[in-house]
Every structure is written in structure tokens, then in C-alpha cells.
Amino acid sequence: MTTLTLQSEETLVQRLRKQHLVESVEQMSPMYLEGIKRILTVSADTELISAPAYYHAAVHAPTLNNFGSAMSIIQDELGHAHIAYRLMRDLGVDTEHLIFERDPRDFKYPYAFDIPLESWAELIVANAFYDRAGYILLSDVYQSTTFGPWKRALLKVDKEETFHLRHGEQGARKLNQAASGHEALQQAVDWMFLLTVEWFGLPDDLKKHGEQLEYGFKGKSNDQLRQLWLATAVPFCEELGLKVPAHYDQEQRTYAIDCAFPAHFDAQAKHWDGPCTWDEMMKRWKARGPKNEEFVGMIQRGKREMLRLVEQ
Ligand SMILES: [Fe+2]
Ligand SMILES: [Fe+2]
């Protein structure tokens, strides 16, 4: 193990005031390093888990062409995960441990990915909702981050996320042409809409980790990012005649949620179950959902099998 030499907080702040990007771990303060590792872990884990989560539904693709496009999205996501873990390795993180030996419950991706996508319509809505959330969050990081290597890498990631989002929109328009397709989309939207609204985390007045904004890891707050998502997701659903529990409030000039939020979620029935506190929502997230072990297991299995072969 090499010991890292880090900067003082003062030197780091001076660099940021001059609007110089942080290029390597030697230019970080201990606090900056901890913060960037935290946000990179969330990003890497989210990209990584989307691969088994999307694969679970890709097998229901109605045509070979559809299966092919779903697989190319999965391949993109693995590439995105690789970029983020690779950056963390340069920051001195043991990524082999992080990916292959970490307890599934300690992964930091959004709760939504623990709920299985079980049909082509659910995968399409995931592209339209989840990839839209990913696109909005990463565009914000791209514009604001002070960590140079990540900023440059996100140029490619952002373009691919746009493709995933369009795949969801085009796929939904196509399904919507038939009454049965419309019905399947509505059923998916009914449980997936609020899971994506809560994806953006605690409201600004309850949020911890202020360094994400202070260090320019992110530019916009949770509530601002949630609003950005609503501002395109709600009109898209309206275009397809899909009912969502949100509307634009002309007076407040923001999107308002029309149902209990935050709310209890019955993960087995994929059903929202009345209001809860933010604390209760965080507890649900921390406990993880039904597919956490299985999806992380799919990722960790290959390495375990390889090690067993080597030991024989
Ligand atoms: Fe991605
Ligand atoms: Fe994506």
C-alpha cells in the first residue's frame, strides 16, 4: 500500500476558487477525497446493477431486434460502471473488493433497481424513467463537477444515456398504439413513477452531504433535479395518455405531486401503500428490496466460479 499525500483544505479551496479542475488524488483534500468517492460509488453501483436488472426483463423482448437493442444498452451500462470504478481505483480504492466481495446490502444504487422488471413494457418504462433520471443526474455532474477525469469521461456517458432514454420513449410510443400495450404501460407507470421521483433523495431541507454542492460535485440540489425530471417525464406520459400522480402548478411554477409522497411501497405487490415519513423511506432503502441479493449475486458469481476453478 502506498500512502497518499493529500492537500490541505486551504490549498484545495484556492484551486477551486481559481476554477481549476482537480486532476488527481494528490490535488484533493481528505474531505474532498471522501466526498468524491461517495458520489462515484453511487454512480458506479447504479450503472453496474442496471445490467442484471435490465437483463431480467430483456429476455421478454418481443423480437430479436428488440433484444439486440436491450443488450446494447446493458453493454453501455457496464461500460459506464467500468469508467466510474476505474476512476475510484486511481483514488486508491480497492475496487475488486468493492465489486466482488461487498455485502449486497452495502451497494449504493437506488432502491428502484431492487424491484424486478418483469416484462418488455416495464423495461421500456425503465428506459423512459430510470435512464431519464440517470441522464439528468449525470448531465448535472458533467456540467458542474470539479473532478476533471470524471468530467471528460461523462461526455461519452451522457450521449449513451440519451440513446437509452430515446429507446424508452420510442418503445413506449410503439406499445401505446395497441390498447393492450397502453394498459401494460399504465400498469408499469403506476408503480415506477414514484420510485423514480424518490430516486432523487431527501428534499433539500433534510439533505446531508453538503460538500456535494460546495465542492461542485453537483451543481443542482435534489429538489431541483427532481423538478427537471418531472418537467420532461410528466409531459411525455401526458402525450401517451398515461395517468401520473403529478401536475404542473402554474402559480408555484413547479411540478406538484398529487399523491402521498414519500409513501410506503409493497415490493411484492408492486403497489403504493399510503404516506410514510422520510425516515421510514430511508429505512426501506437501507433494508434493500427483493432482488438485491440476486442481482448483486449475478455480478459476483463469475469471479467466485473462476477462483474455484483456479483452486482446483
Ligand atoms: Fe448508464
Ligand atoms: Fe442508461
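Every value quoted in this text rests on a predicted model; they were computed, and no experiment measured them. Counting starts at 1 for both ligands and their atoms, following the listed order.
Among the atoms of D76, no N, O or S atom is found under 2.8 Å from the Fe ion (ligand 1). The Fe ion (ligand 1) has an N, O or S atom of E77 inside 2.8 Å of it.
Per residue E161, closest N, O or S atom to the Fe ion (ligand 2): atom name OE1. The Fe ion (ligand 2) sits nearest to atom ND1 when only the N, O or S atoms of H164 are considered. Restricting D131 to its N/O/S atoms, the shortest distance to the Fe ion (ligand 2) is reached by OD1.
The aromatic rings of W229 and F200 sit tilted relative to each other, their planes meeting at an angle between 30° and 60°. Between Y215 and Y32, the ring planes lie tilted relative to each other; the angle falls in the 30° to 60° range.
A donor-acceptor pair under 3.5 Å is formed between the side chain of H56 and the backbone N or O of L117. Remark: side-chain polar atoms of N222 are paired, donor with acceptor, to backbone N or O of L202 under 3.5 angstrom. Between the side chain of S72 and the backbone N or O of S69, at least one donor-acceptor pair lies under 3.5 Å.
To the nearest 10 degrees, the Fe ion (ligand 1) sees ND1 of H80 and OE1 of E47 at an angle of 100°.
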